[in-house]
Amino acid sequence: STVFPISAVASELIADVYPEIDVVVKHSGTSSGMSKLLLGEVEVCNASRQMTASEIELAKSRGVEFLEFTVALDGIVVAVNPQNDWVDSLTVEELKNIWRPESTETLTRWNQANPAWPDVEFKLYGPGTASGTFEYFTTAVIGTKKASRSDYTASENDNTLVNGVAGDLGSLGYFGLAYYLENADRLKLLAIDNGNGPVAPDEQTVRDGSYAPLSRPLFIYVNKKLLSRQEGRTFVEFYLEKANEMAGLAKYVEAPDSTLEENKELLAMALSSE
């Protein structure tokens, strides 16, 4: 779901150049996408996290050879309702305290997180448990993958999360940077303090990693069998060639030139072995 905007742009751009190639793009959580890739139901999987060790083993057991390409960079945005006038930034520790599993019973109002904040009920919004964003956020903030309170509005559709945060005064949610930029007039962005002062996510802080610990790479995983077909090779070559253009159009951060070169080298090696 996080990488969906980039691949949606890819399907539109390639249709202009290669109208005979029909690319169907759908969105779900990364884990759902990986499952479909490993079952052979899809040939390309968007991913906001790397493939896990268990998924790699499953791929081996099923004889699925895959290629991993980094196509953009992202910052996981933490946002509140624009009418929220009591917080402009959160420390990682405060964020952890709000989202940790134990807080379900003990932290349901803003003043319980910080006595200086008002007595307003928390309305929390975040990705579902099959989301790569959920896995990345819980690992980076809580310290344990998938460790999170469960009493929040969960959705694999980031637009649902945006609408929830925009509509509730006591809201707090997290999702990909592109979805914030598309709705910046409806949301209030929070800076995150990882020990060196508050830092807000933008093109520079995501690229240099100073927006920590919530900056990350975004990937596509390709079933190597796709390269045996001309339209498959054309699509992957087109995607990698246009990666930065598509990232910009989708409002994500462009990957470094060195990363794009690594993509091309990996693809060339895969094609030479066909």
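Model, not experiment: these values are computed from the prediction.
- Heavy-atom minimum distance, Leu260 versus Ala243: CD2-CB, 4.1 Å.
- Shown here is Asn196, whose CG atom has no more than 12 heavy atoms of other residues, nucleotides or ligands within 6.0 Å.
- Here the CG-CD distance, from Leu13 to Glu241, works out to 12.5 Å after rounding to the nearest 0.5 Å.
- Scanning both residues, Ser148 and Thr138, for their nearest heavy atoms gives CB-CG2, 3.9 Å.
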Problem set entry | Criterion side-chain hydrogen bond (donor to acceptor under 3.5 Å, both in side chains) on Ser131 and Arg49, from CA distance to verdict | CA-CA 9 Å; Ser131 165; Arg49 60 159 174 81; over 6 Å; no
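- When atom types are taken as modelled, the side chain of Gln112 and the backbone of Thr108 share a donor-acceptor pair closer than 3.5 angstrom.
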For this session: Applying salt bridge (charged side-chain N to carboxylate O under 4.0 Å, His left out), run through Arg233 and Glu237 and close with a yes or a no.
Result: CA-CA 6 Å; Arg233 292 196 299 275; Glu237 288 171 342; 5.7 Å; no
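- Between Ile220 atom CD1 and Asn46 atom CG the span is 7.5 Å, to the nearest 0.5 Å.
- For the atom pair CG (Leu73) and CZ (Arg207), the distance works out to 7.0 Å, reported to the nearest 0.5 Å.
- Counting heavy atoms of neighbouring residues, nucleotides and ligands inside a 6.0 Å radius, atom CD of Glu41 exceeds 12 of them.
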For this session: Would you check, one step at a time, whether the test side-chain hydrogen bond (donor to acceptor under 3.5 Å, both in side chains) holds for Arg186 with Asn163?
Result: CA-CA 9 Å; Arg186 305 170 57 214; Asn163 290 334; 2.9 Å; yes
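- Inter-residue side-chain proximity for Leu214 and Val92 is flagged as unmet; no heavy-atom pair is nearer than 4.5 Å.
- In terms of modelled atom types and a separation under 3.5 Å, the side chain of Asp208 and the main chain of Ser210 share a donor-acceptor contact.
- Nearest heavy atom pair, residue Pro213 against residue Ala140, reads O-CB, 3.6 Å.
- With Arg149 contributing its side chain and Leu124 its backbone, the two residues share no donor-acceptor pair below 3.5 Å.
- Going from atom OH of Tyr211 over to atom OG1 of Thr205 covers 8.0 Å, rounded to the nearest 0.5 Å.
- For the residue pair Thr70/Thr259, the side-chain donor-acceptor check at 3.5 Å is not satisfied.
- Between atom CD of residue Glu156 and atom CG of residue Asp158 there is a gap of 8.5 Å, rounded to the nearest 0.5 Å.
- A donor-acceptor contact shorter than 3.5 Å is absent between the side chain of Ser7 and the backbone of Phe4.
- Minimum interatomic distance between Tyr252 and Thr2 (heavy atoms only, all atoms of both residues): OH-O, 2.8 Å.
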Problem set entry | Residue pair Glu55, Ser31: steps toward the side-chain hydrogen bond (donor to acceptor under 3.5 Å, both in side chains) verdict | CA-CA 9 Å; Glu55 288 166 342; Ser31 294; 4.6 Å; no
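- Side-chain N or O atoms of Asn81 include one that pairs as donor or acceptor with a backbone N or O of Ala166 at under 3.5 Å.
- Ring planes of Tyr174 and Phe137: parallel class, angle under 30° (limits at 30 and 60°).
- Each of Lys225, Lys224, Arg229 was evaluated against Glu43; a single residue qualifies, Arg229, per the salt bridge (charged side-chain N to carboxylate O under 4.0 Å, His left out) test.
- Between Val236 and Leu267, the shortest heavy-atom contact is CG1-CD1, 4.0 Å.
- Between atom NZ of residue Lys264 and atom CZ of residue Phe69 there is a gap of 12.0 Å, rounded to the nearest 0.5 Å.
- Remark: side-chain polar atoms of Asp193 are paired, donor with acceptor, to backbone N or O of Gly197 under 3.5 angstrom.
- With Tyr179 contributing its side chain and Asn157 its backbone, the two residues share no donor-acceptor pair below 3.5 Å.
- Taking the side chain as every heavy atom from C-beta outward, Glu68 and Gln50 approach each other to under 4.5 Å.
- Checked by atom type and distance alone, the side chain of Ser171 never pairs as donor or acceptor with a backbone atom of Lys123 at under 3.5 Å.
- Side-chain contact between Asn84 and Val120 is absent, with no heavy atoms from C-beta onward closer than 4.5 Å.
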For this session: In sequence, state the C-alpha distance, the side-chain angles, and the governing distance for Thr234 and Gln230, and then conclude on side-chain hydrogen bond (donor to acceptor under 3.5 Å, both in side chains).
Result: CA-CA 6 Å; Thr234 298; Gln230 180 58 53; 3.1 Å; yes
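- Closest approach of Gly232 to Leu227, counting heavy atoms only: O-CD2, 4.5 Å.
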